[in-house]
Amino acid sequence: KSCLNSAGVFQTRSLLGVFEEDTAAISSYFSQLFKAMQRIYDAQNELSAATHLTSKLLKDYEKQRFPLGGEDEVMSSTLQQFAKVIDELSSCHAVLSTQLADAMMFPITQFQERDLREIVILKEVFQIASDDHDTAVNRYSRLSKRKENEKVKNEVMEDVYTSRKKQHETIMHYFASLNMLQYKKKIALLEPLLGYMQAQISFFKLGSENLTQQWEEFLTNIGTSVQNVRREMGSDAEATEQTIQDLKAASDPLYMPDPDPNKIPVNRNLTRKAGYLNTRYKTGLVSSTWEHQYFFTQGGNLMSQLRGDVAGGLVMDIDNCSVMAVDCDDRRFCFQITAFDGKKAVILQAESRKDCEEWIATINNISKRIYLSENPEEIAARVNQSALEAVTPSPSFQQRNESFRPSTQGRPKTGRSGSQCSAGSESPALSSLSLDLLVAPDTPIQFDIISPVSEEHTSPAKSGAQGRRTNPFGESGGSKSEESEDSILHQLFIVRFLGSMEVKATESADVIYETMRQILAARAIHNIFRMTESHLLVTCECLKLIDPQTQVTRLRFLLSTVVLCASHQENKRLFGFVLKTAGGREDGRPVTVCYVFESNNDGEKICDSVGLAKQIALHSEMDRNTTQKQRELDKAKEKQQEELHKQKQIEKDLEEQSRLIAASSRPGQPAADGQILVLSNSQSEDSDAGEEGQKKDSFVITQCFYL
């Protein structure tokens, strides 16, 4: 009614805006609720389909052919029973999906597609009717007052009547729908939730009735079987872990690329062998490349197989071939196989010395066709010596020092006939001087960096700085460093420590050459290839070995204790220096130790740097001594000047006292009383001058009495 009069139009429009805003909020909320329920329905459909697929796969288990499965009838029958149960569950899930579609999705879908859609359509119709009404009223308002036309007037009035009636009817339906939406909203909220809960309860009841009693005993048996399998698996896992630990302990030496031959001896009786080797291919006149391949022997043939290949290919026929160790491209453990006609040769590289020697021995056995006999290993054992003689060893580092091999296991001892250094050149001093006079006999060789023997008797300040981080280019901080603050020389070299040992003589560089020879020979014989890399810092005060990673000083040698430094005669990268420390032994005798290093630079440069540092230190010491002497002379001169000044002051005081005595000895006055009076006055006048004045007065009085 309020829409028909102009007074209530504004109030109706405001109330309509509130209803339309509420309708928009309901539409947005139900859109989100519909999506959530749709996800529940889709998930239930997916669960039903997945359950059905699981049942199908369990039924197909007995049709599978597993390589390690075998004929497991118990497992097949058990899975068939599980498939039956899961199939029934799949049927229950399908029923639940149908119930959710009918009881949950249908009400909310109907509310969205019918009720909310109806509101939207009525709103559009109401807007059109309002526009038509406004147009008709506007046309009616423009009717002419002077020239009235009944026909036009009737048409306009009919148009206003029709549009107003249409608007009123539309708005009544629209308002009624908005009012009914509040009830439909409650129904649309409660019906889907009620349907969802009823469907779930029905599903659980169906499962409880059909599955609980029927399959309870079966599931209990299956649970017991699973526990038994778990216990069996646990015991098997423990046994496997123990086996792994035993294998790890037994195989630990095999992990090293070059194992100790004393622990794992070389088997020279093989007639078959397989393993990975590096093979050399020429890519030009002087260039070559190496490739990692799998090689194995098959009868009298050497075969190779690339990674990914199905079968191996023939490399060469090794019947009546020759094999020997060779030097190639500065690589270790290389050997060459040459065909019987000499037209084909293959160079291979093994991973270790043991592997190389076994390959050489095996190929030698095959080349003699031992593999064709009935007991090839026994025959190979009998001809093992001849097989070893057929091997031509490469001029390796150890063989170059073969003449220096020690006779004992504890330390390499030098023979008196060994007057030749490691470079092969003969030293005149060594030929005339016994080696025992250079190196102390039975002296152990240290291959790792340890603190020098004098470190135990160093001052606390030095021991405190032993483990401190050091800047190779000079330290800076609150405490002043004695090594680097006043040093004008800082040179850094990359060196690798080879070894050190105690020596006797320090007169010539021959002691360093002999120490190098013994350390290199000991490293070659005992297969010691690891070297500790350090930074050697040369300053005017000391030599430091610094850890390149942590910058911590490993060793520190005072430059005054370095008595000798020299590089190798031929291998210029080798150098050493002799360190002499006083009181290093318990009996107070000095200890002399020779340290040997390998450098990336020329060893002579390092020796020259050490010599320059000693010269600078010597000149600095001379300058300090000269300055000290000059200071002592200056102090003596100052003391002499003070004595002369005191003597002059004493003479001046004596003259003054003599004048006073002479004045007091005038005629008419008693001499004795005058003396006493004058001396008393002199002493009282000078008493204000303090203790020094009193001492002078007593001296003057003594002189006066003497006079």
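Index from 1, following the sequence. Note that these values count all heavy atoms, side chains included, but never hydrogens, waters or copies made by symmetry.
- D42 and Q38 are linked by a side-chain donor-acceptor pair at a separation below 3.5 angstrom, with hydrogens and angles left out of the test.
- When side chains are defined from C-beta on, E155 does not count as touching E158, because their heavy atoms never get closer than 4.5 Å.
- Of the possible donor and acceptor atoms, one in the side chain of S235 sits under 3.5 Å from a partner among the backbone N and O of E232.
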Task: Candidate pair F295 and L348, rule side-chain contact (heavy atoms from CB on, under 4.5 Å), full reasoning - done: CA-CA 10 Å; F295 286 84; L348 303 173; 3.7 Å; yes

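- With sequence neighbours excluded, no residue forms a salt bridge (charged side-chain N to carboxylate O under 4.0 Å, His left out) with K205.
- Looking only at side-chain heavy atoms (C-beta outward), I347 and T279 stay at 4.5 Å or farther from each other.
- For residues 239-249, no residue pair satisfies the salt bridge (Lys or Arg N to Asp or Glu O under 4.0 Å) rule, not counting sequence neighbours.
- Counting only N and O atoms by type, the side chains of T135 and N138 include no donor and acceptor under 3.5 Å apart.
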TODO: Test Q112 against R117 for side-chain contact (heavy atoms from CB on, under 4.5 Å), laying out the working first.
DONE: CA-CA 7 Å; Q112 265 205 324; R117 182 62 180 169; over 6 Å; no

Return all side-chain donor-acceptor pairs below 3.5 angstrom for residues 172-195, not counting sequence neighbours, or 'none' if the list is empty.
{"residue": "Y174", "atom": "OH", "partner": "E20", "partner atom": "OE2", "Å": "2.9"}
{"residue": "S177", "atom": "OG", "partner": "H173", "partner atom": "O", "Å": "3.0"}
{"residue": "N179", "atom": "ND2", "partner": "F175", "partner atom": "O", "Å": "3.2"}
{"residue": "Q182", "atom": "NE2", "partner": "D22", "partner atom": "OD2", "Å": "2.8"}
{"residue": "K184", "atom": "NZ", "partner": "D115", "partner atom": "OD1", "Å": "3.3"}

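- For Q64, the CD atom is densely surrounded, since the number of other residues' heavy atoms within 6.0 Å is greater than 12.
- A donor-acceptor contact shorter than 3.5 Å links the side chain of Q349 to the backbone of R332.
- The side-chain heavy atoms of S534 and F497, taken from C-beta on, include no pair separated by under 4.5 Å.
- Proximity of a side-chain donor or acceptor of T51 to a complementary backbone N or O of L47 within less than 3.5 Å is detected.
- Between the side chains of S609 and Q491, a donor-acceptor pair is found at a separation under 3.5 Å.
- Distance check: E291 CD to N278 CG gives 9.5 Å after rounding to the nearest 0.5 Å.
- Shown here are the side-chain hydrogen bond (donor to acceptor under 3.5 Å, both in side chains) partners of R496, two or more places apart in sequence or in another chain: N600.
- Distance check: I40 CD1 to K35 NZ gives 15.0 Å after rounding to the nearest 0.5 Å.
- Side chain of S202 to backbone of Q198: no donor-acceptor contact under 3.5 angstrom is found.
- Around the CD atom of Q245, the shell of radius 6.0 Å holds more than 12 heavy atoms that belong to other residues, nucleotides or ligands.
- Counting only distance, with no hydrogens or angles, the side chain of S28 and the backbone of A25 share no donor-acceptor pair below 3.5 Å.
- Under the side-chain contact (heavy atoms from CB on, under 4.5 Å) criterion, V95 pairs with Q99, not counting sequence neighbours.
- Residues H133 and V137 have side chains in contact (heavy-atom distance under 4.5 Å, counting atoms from C-beta outward).
- For Y140, the ring pair (Phe, Tyr, Trp, His ring centres under 6.0 Å) test picks out no residue, with sequence neighbours left out.
- A donor-acceptor pair under 3.5 Å links the side-chain atoms of T240 to the main chain of D236, judged by distance alone.
- Between the side chain of T23 and the backbone N or O of F19 there is at least one donor-acceptor pair closer than 3.5 Å.
- Heavy-atom minimum distance, Y281 versus Q293: OH-NE2, 2.9 Å.
- Donor-acceptor pairing under 3.5 Å is lacking for the side chains of S163 and D132.
- C356 and C334 get closest at one heavy-atom pair: SG-O, 4.4 Å.
- Residues forming a side-chain contact (heavy atoms from CB on, under 4.5 Å) with L314 (at least two apart in sequence, or on another chain): N301, M303.
- In this structure, I546 and V552 have side chains that are not in contact, with every pair of non-hydrogen atoms separated by 4.5 Å or more.
- Within the 3.5 Å criterion, the main-chain N or O of C92 finds no donor-acceptor partner in the side chain of E88.
- For K166, there are no salt bridge (charged side-chain N to carboxylate O under 4.0 Å, His left out) partners two or more places apart in sequence or in a different chain.
- Distance check: Y294 OH to S304 OG gives 11.5 Å after rounding to the nearest 0.5 Å.
- Formation of a donor-acceptor pair under 3.5 Å by the R573 side chain with backbone atoms of E598 is not found in this model.
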- [ ] For side-chain contact (heavy atoms from CB on, under 4.5 Å), just list the numbers for T109 and F34, CA-CA rounded to whole Å, side-chain angles, deciding distance to a tenth of an Å, and then say yes or no.
- [x] CA-CA 7 Å; T109 303; F34 176 79; 3.3 Å; yes

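- The minimum heavy-atom distance between L58 and L79, with the atom names listed, is CB-O, 3.9 Å.
- Identified under the ring-ring contact (aromatic ring centres under 6.0 Å, His included) test for residues 78-118, with sequence neighbours left out: F30-F111, F82-F218, H93-F203.
- A donor-acceptor contact shorter than 3.5 Å links the side chain of S130 to the backbone of F126.
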Open item on the list: Show, in sequence, the C-alpha distance, side-chain angles and deciding distance for S55 and S90, and conclude whether the side-chain contact (heavy atoms from CB on, under 4.5 Å) test is met.
Closed with: CA-CA 8 Å; S55 174; S90 177; 5.7 Å; no

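- Across every non-hydrogen atom of V160 and A136, the tightest pair is CG2-O, 3.4 Å.
- Listed by chain and number, the residues in a side-chain contact (heavy atoms from CB on, under 4.5 Å) with M233 amount to none (sequence neighbours excluded).
- Atom CD of Q110 and atom CG of L116 lie 11.5 Å apart (nearest 0.5 Å).
- Pairing each heavy atom of T297 with each of R272, the nearest pair is OG1-CA, 3.4 Å.
- Of the inter-residue distances, the one linking L100 atom CG with M37 atom CE reads 10.0 Å to the nearest 0.5 angstrom.
- Every residue two or more places apart in sequence or in another chain was checked for a ring pair (Phe, Tyr, Trp, His ring centres under 6.0 Å) with Y196, and none qualifies.
- Residues K59 and D87 are paired through a salt bridge, judged by an N-O separation under 4.0 Å between the basic side chain and the carboxylate.
- For the pair L96/L206, no side-chain contact is recorded, criterion being any heavy-atom separation below 4.5 Å from C-beta on.
- A 6.0 Å sphere centred on CZ of R331 holds more than 12 heavy atoms belonging to other residues, nucleotides or ligands.
- Other residues, nucleotides and ligands contribute more than 12 heavy atoms inside 6.0 Å of the NZ atom of K273.
- Judged as a side-chain contact (heavy atoms from CB on, under 4.5 Å), and not counting sequence neighbours, S225 has no contacts.
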Open item on the list: Evaluate F493 against H535 for ring-ring contact (aromatic ring centres under 6.0 Å, His included), listing each step before the verdict.
Closed with: CA-CA 6 Å; F493 303 95; H535 288 173; over 10 Å; no

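- Of the inter-residue distances, the one linking L277 atom CG with W290 atom CH2 reads 10.0 Å to the nearest 0.5 angstrom.
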